[in-house]
Amino acid sequence: MNNRSVQQLAIADDFYLMALDERTGKPRLHAHALALGLSAALLCELVLADFVTVRADRLAVLAQTAPVTDPVHGKMIQHIIAEPQHPLNVWLSFFAQTATEAVADRLTAAGSLAVETSRGLLRSKPVYVPVNLVDVSWRSLRIVRIISHRDLQTWDDLALVGLLCATGLIQAVVANANADLTGDIRAVVAGLVDEPSLHALIVQVEALIAANVLGQRK
Amino acid sequence: MTSAVKSPSAVSASLAKDRLGVFSVIMFAMTAATPLLVVGGLVVSGWATFAITGLPLAFVLLGIVLAVFSVGYVAMARHVTNAGAFYSYIALGANKTLGVGASFVAVLAYNMLQIGIYGILGVTGSEVLSELFGWNVSWWICALVGWAIVGIMGALRVDVSSKILGVLLLFELLLVIVFDVFDLGHPAGGSVSVAAFEPKNLFVTGVGAAFALVITAFIGFEAAPVFSEEARHARKTVPAATYLALAVMGVVYAVTTWSMTVSVGDDKVVDYARQNFLDTIFNIAHTNMGGGNFIPDLGHILLLTSVFAGAVSYHNAVARYTFALGREGVLPRGLGRTQPRTGAPIAASLFQTGLALVVIVVYAIAGWDPLTKLFFWFGTTGGFGILILLLGTSLSVIKFFFKDNMGESIWSRMIAPALATIALAYVFYQTVIAFPTLLGVKDSAPIAWILPSLYGLVAVIGIVWALTLKSGQPEVYDAIGLGAQAAGTVPTESFLPAQRTAPEEEADRAGTATQ
């Protein structure tokens, strides 16, 4: 078991890897939900780092005691400071426009993903492929273990499980588990009510993904 | 009072890039128009069944009524979260209990419309195969093939590209305009008669049958508000798209129907329809245009694609409707699930596919005629259900704006909806008493009151269910009409716990405009 497999990753990084199919390395979540899920994950990272909080459906930047080390976080905070008037769903949609690429770049820099250019008909597009599929499947196994033992240790993992539920990815993640984990999942995410900012983000992103189904476009 | 200069929002600008422009919204709204299906299928079936020749006038009159209805409809759409569904308006404007009743009526109506299409799909497919290859394939085999394709597309969330739909519509319109020109150029009896527009040819006993048919033809005009959240300038685009769709449909359907009666003669067109059925529109044109089989063959193929596109589009509408109700908890929550890889409302889609299969199989085994008893009966009964929803929505618009005018003009919030309500009530009354005529059965036939009563039945079931929810699961009751936003106040099917929202936040979500 590789150290890297069981370490705590940033929420968005973890979510991205879990959204990949364990056999093919391709996404098993449709692009729009992936982007929104990553957008929410990044915002959860900001909340849990005490950079922002959710107040009455708005994002509020908190006075920072620790420096912002992640450039992705830095850009997000700058946007939020510049335009504090927007409600959560606007922020989630806005950051979703760039989240997938931003998180993929982060994972590439960390060595978990590699960039390949695929030759399309007219232009070549960069495709991110996982370096090690075993590492990818370990992310899901880690979460399954946490859920089945109801052994939640960190707020990060709580946010992660919440996001998996909100995007529907949880079904694929627990698909290989030995038992029916429905009750365990419910018990684990129940803790979200204690963290209103996380809860608000996760519930809102689920609504946005559902709204996309109701709209006529993909 | 000077207003401070506000720097433009980078966030809003960035999101606006992804939004639909005016042209896209209009294109989406226009795909409600299906000229060949309506004039070549619905109108011809209507002539064969109840022999009223004043249909062109009916298209014009009801087009105007629906335009007046749309005034209040698009005004209220600005303040409704789940703007694509009539029941949301009724839930918000009247009360949530009636809203649930309306939602059940809607699910039944749209299902009937969709399933009815398999009748004409089967027959048209069979005819095209016979024309092109000389094969003799039963209607129900073609219907099942079409059913399977629609079902697979729905489950995989494969939509017919709007560009393809747009191109098909363009071809259809061109073909139909060419037909019109030739038909009007060869009038029976030498001169162009406007008898089809004379009120005495419409307002006969059983006029409600004509009304029901015409309402069915216009269905789809109500789709534009679905794009309220996705459109760049929704405030202007949504109403414009709605009126444009109504105008184009009204004019094309009226003129094409009229030119057929002109060419054949309004005293002969009913018999012609009874003999030629789906070939009516093509045979008339062919007689006037001469030439080989190319135009009729092309026409049949376009009719088939038009019908197929209609089947896909209604399937998606039913699936989305059922999905929204599943998310709210009004229907079983399992129906609110999506397939992660595709984002398809898979449970809702498969449920509708299953219903359709049952009906097709029953009709195949019982040997009932698919064109009259499946396509026409189901289609117009579905249209009748939509008529009920239109009436309910019109009343709800008035009630919604009664206490707070929300900045809408008195024309939008009261006068237009009131006029529309009166007109729609009249149409409703006429349709109910003319149901036997509509179905082409005797006045005493049970089917003539069973079909419309189905709506009464499901509405009552819906109302009783809503009252049960109100006392047993109040948080579900509160979410009625919110659609996707129901996640904000209610435990979702996927486990997230309920959040206690502050009362003013809840009112915010339920009532305010989202622009």
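Here is the naming used below: chain letters follow the sequence lines, and residue numbers restart at 1 for every chain.
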For this session: Evaluate the side-chain proximity of R341(B) to P27(A): yes if any heavy-atom separation is below 4.5 Å, no if none is.
Result: no
Problem set entry | Residues that D50(A) engages under side chain to side chain donor-acceptor pair (under 3.5 Å), provided they are two or more places apart | none
Seminar exercise, completed: Between G343(B) and V213(A), the two heavy atoms sitting closest are O-CG2, 3.5 Å
Seminar exercise, completed: Interface check, chain B: of L34(A), I209(A), T167(A), V90(A), most non-hydrogen pairs under 4.5 Å belong to V90(A)
Problem set entry | Heavy-atom pair with the smallest gap, counting every atom of L214(A) and A324(B) | CD2-CB, 3.9 Å
Problem set entry | Qualifying residues under salt bridge (Lys or Arg N to Asp or Glu O under 4.0 Å), relative to E83(A), sequence neighbours excluded | none
Exercise. Between T338(B) and H30(A), does a side chain to side chain donor-acceptor pair (under 3.5 Å) hold up when you go through it step by step?
Worked result: CA-CA 11 Å; T338(B) 53; H30(A) 70 281; over 6 Å; no
Problem set entry | Crowding at OH, Y477(B) (>12 non-hydrogen neighbours, <6.0 Å) | yes
Exercise. If you round to the nearest 0.5 Å, how far is CG of L15(B) from NE2 of H86(A)?
Worked result: 8.0 Å
Exercise. Which heavy atom in P340(B) sits nearest to a heavy atom in G168(A), and how many Å separate them?
Worked result: CG-O, 3.3 Å
For this session: Could you grab the distance from atom NE2 of H79(A) to atom OG of S9(B), nearest 0.5 Å is fine?
Result: 10.0 Å
For this session: Take E206(A) and R327(B) through the test side-chain contact (heavy atoms from CB on, under 4.5 Å) and record every step on the way to the result.
Result: CA-CA 11 Å; E206(A) 185 178 25; R327(B) 280 195 60 79; 3.9 Å; yes
Seminar exercise, completed: A210(A) and F323(B) have their tightest heavy-atom pair at O-CE2, 3.7 Å
